[in-house]
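As the structure is a computational prediction, the values presented were derived from the model and not from experiment. Every number for a ligand or one of its atoms is a count from 1 in the order of the listing.
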Amino acid sequence: MVGRYKEAHARSLSDPEAFWGEAAGDIAWSKPWNRVLDDSSSSSARWFVGGELNTCYNALDVHVESGRGGQAALIYDSPITGAAGRFTYIELRDEVARFAGVLADRGVGKGDRVIIYMPMIPQAIVSMLACARIGAVHSVVFGGFAANELAVRIDDAKPVAIVSASCGVEPGRVVQYKPLLDGAIDLATHKPDFCVIFQRDIATCEMVAGRDVDWQAAMADAEPHDCVPVAATDPLYILYTSGTTGQPKGVVRDNGGHAVALKWTMRNIYAVEPGEVFWAASDVGWVVGHSYICYAPLFNGNTTILYEGKPVGTPDAGAFWRVIAEHKVSTLFTAPTAFRAIRQQDPQGELIGKYDLSAFRALFLAGERLDPDTLRWAQSKLQVPVIDHWWQTETGWSICANCLGLELLPIKEGSPTSPAPGMDVQVVDDRCRPLPAGEIGALVIKLPLPPGSLPTLWNAQERFVEAYLSEFPGYYKTGDAGYIDEDGYVFVMTRTDDVINVAGHRLSTGAMEEVLASHPDVAECAVIGVADSLKGQIPLGFLVLNAGSGRTQEEVGQEVVGLVRERIGPVAAFRKAVVVERLPKTRSGKILRGTMRKIADGEQWTMPATIDDPVILEEVGEVLRKNGYPS
Ligand code: COA
Ligand code: AMP
């Protein structure tokens, strides 16, 4: 007998129009589509062409109209500040409609961009949904990025408005957002017409007269704004993600395909019924926060949790269990690094026993490879299915998952199970030839990509084609390498580009190298990701100093650490750079970052046949040993 997963996956590939057309029946449309799928363009599929809808309507109003208005839509939990809040669907809809009025009154309309640079407070969600309500395109920038990164995004998205707050909170410190925002606007060539600033009690900020609008004052005067229908193919948001260079990629998400796919995932992948409490412990600045703190749970009529805390230290390693118990969470989604942090501090899981987790049914992990130790620990301590799933900012939802809502397949350690419906995942060699089961190659997805996946990069169609579609014609290149076993289980092994994954955060080593190279004493540099027992990977810099600079590793090392923090932000977690005489390269001049990483991690490595001078690699190995690698 063919199981529910196999049946759904096969149907989604053999007749995508019927499969997603049916799923789209679960979304409210103001105008039906003419075609489910238009894949006439060789570059990207367009879903639900001709259809019109409003994403905010599907997240909020639809539930109020169907009698769910009194249910909690959003629970805010902030263990550091002690703040808490609860918004019913009616309350959230009213708040969002008023903030939509604030934006619209000041000239923001359909297609205009709004940057949201906010901590994890309800106003961040309100801002996102308010943009969706009036057809404006939001671009949320993660709070851990520095002013320079924000400026790059301002210049690319060219926002009419920026919404921000006076500050964020991290354990032990208040992060002043306003100086970062002001600094970014100074640095950027493009200037927004206005900024709306939410003043938090814990620290207020100075306002710039004529530019800054006080959130609370503006809301007091605002008229609610209704939902504006937009085309299914119109952009809902832009989310910048790390590429191989310092210029981030603006991943575009459309309205129609996004709503259809995300709502479908809630029941079929996460097995969550409307009315239940769903918690994605991430940040609104990342794709997980967009898809699973904000949009999908609301499309599905769930209660979503906005947690402004950490897995440990706020106040202890029982923080997640407290939230699950207090808010009766049925399903938690987070990154493996959060579980490694909890396990480090509470190896026996003793704090779990202090809480009533009877409502808790499943744990989903993503964002980085799930190591078998963490998987086993979570399984044995929580006694619920622990599901690894693989996805990326570009796809917006799972590429591979164990679709709990369809059927729970046997779990294999190290694998996010099988391709999700809609995803035709294959492994190919560098000449795009399919590889047999068990052989490692590039993980690619046969086009068309399913609804919800990126149709393009913001203002960069050529870069989109170049980055994702040109290397393997007819396929989308994920940038990950891995293999598929005899049972069809996918194993994601490593990135094939200069992207590293630090505590579930995707970062570009190329961007860090650009910062290091700007130091006056640095002649050449390289950054690699080395293994870290908590964060999965952390960056490590290699510096070749200018001849006769007379500076030491300690001096320049500290300075470049400061520079990366200042230009990229604390989230880069760049803490160390070592000085080497020369960098090992191939004869064509390519730095052998992969081999350096293997040496630093103490893995087996072979001398690359194309190496220019093997002695250099030995010198680098010696420097690494002196600096405590492999650790
Ligand atoms: N605003 C400002 N600064 C921020 C920030 C934000 N929103 N988020 C993180 N930072 C800062 C931190 O304060 C820290 O600064 P520091 O160098 O001064 O200590 C730095 O960025 C690195 O932060 P982080 O990567 O979070 O490391 P950590 O050591 O503070 O915490 C974990 C480690 C594992 C507890 C933490 O990374 C975590 O909770 N991860 C969950 C992963 C996650 O949510 N992933 C999203 C995808 S699902
Ligand atoms: P991001 O776009 O920030 O979500 O990062 C996406 C990248 O994180 C992927 O391309 C993978 O390299 C990695 N990743 C995400 N989820 C997983 C997973 N379950 N297993 C292995 N790698 C993952």
In the protein, which heavy atom is nearest to atom 42 (C) of ligand 1, and how far is it? Ala503 O, 3.4 Å

Is atom 9 (C) of ligand 1 in close reach of the protein, with a heavy atom under 4.0 Å away? yes

Residue of the set Thr478, Val490, Ile445 for which side-chain contact (heavy atoms from CB on, under 4.5 Å) holds with Met423: Ile445

As an exercise, identify every atom of ligand 1 less than 4.0 angstrom from a heavy atom of Ala281. 44 (O)

For atom 40 (N) of ligand 1, find the nearest protein heavy atom and state the residue, atom name and distance (0.1 Å precision). Thr337 CG2, 3.7 Å

Got an N/O contact under 3.5 Å between Ser282 and ligand 1? no

Is there a donor-acceptor contact under 3.5 Å linking the side chains of Tyr307 and Thr314? yes

Given the protein's heavy atoms, is any one of them under 4.0 Å from atom 31 (O) of ligand 1? no

Which ligand 1 atoms, with their elements, are less than 4.0 angstrom from a heavy-atom of Pro311? 35 (C), 39 (O)

Between Glu368 and Lys535, is there a salt bridge with N-O shorter than 4.0 Å? no

Would you kindly check if the NZ (Lys) or CZ (Arg) of Arg153 is within the cone defined by 45 degrees around the ring axis of Phe145 and under 6.0 Å from the six-membered ring centre? yes

Is any N or O atom of Thr334, backbone or side chain, closer than 3.5 Å to an N or O atom of ligand 1? no

For atom 33 (C) of ligand 1, the closest protein heavy atom turns out to be Lys535 CE, 4.2 Å

Tell me which protein heavy atom sits closest to atom 19 (O) of ligand 1, plus the residue, atom name and distance to 0.1 Å. Arg575 NH2, 3.9 Å

Under a strict 4.0 Å criterion on non-hydrogen atoms, which protein residues are in contact with ligand 2? Val287, Gly367, Glu368, Arg369, Asp388, His389, Trp390, Trp391, Gln392, Thr393, Asp480, Val492, Arg495, Asn501, Arg506

the protein heavy atom lying closest to atom 12 (C) of ligand 1 turns out to be Glu170 OE1, 3.1 Å

for atom 18 (O) of ligand 1, nearest protein heavy atom and its distance come out as Arg565 NH2, 2.8 Å

Of all the non-hydrogen atoms in the protein, which one sits nearest to atom 11 (C) of ligand 1, and at what distance? Arg173 NH2, 3.5 Å

Please confirm whether Tyr240 and Trp458 have ring centers closer than 6.0 angstrom. no

Can you figure out which of His505, Arg506, Arg340 has its heavy atom closest to atom 43 (C) of ligand 1? His505

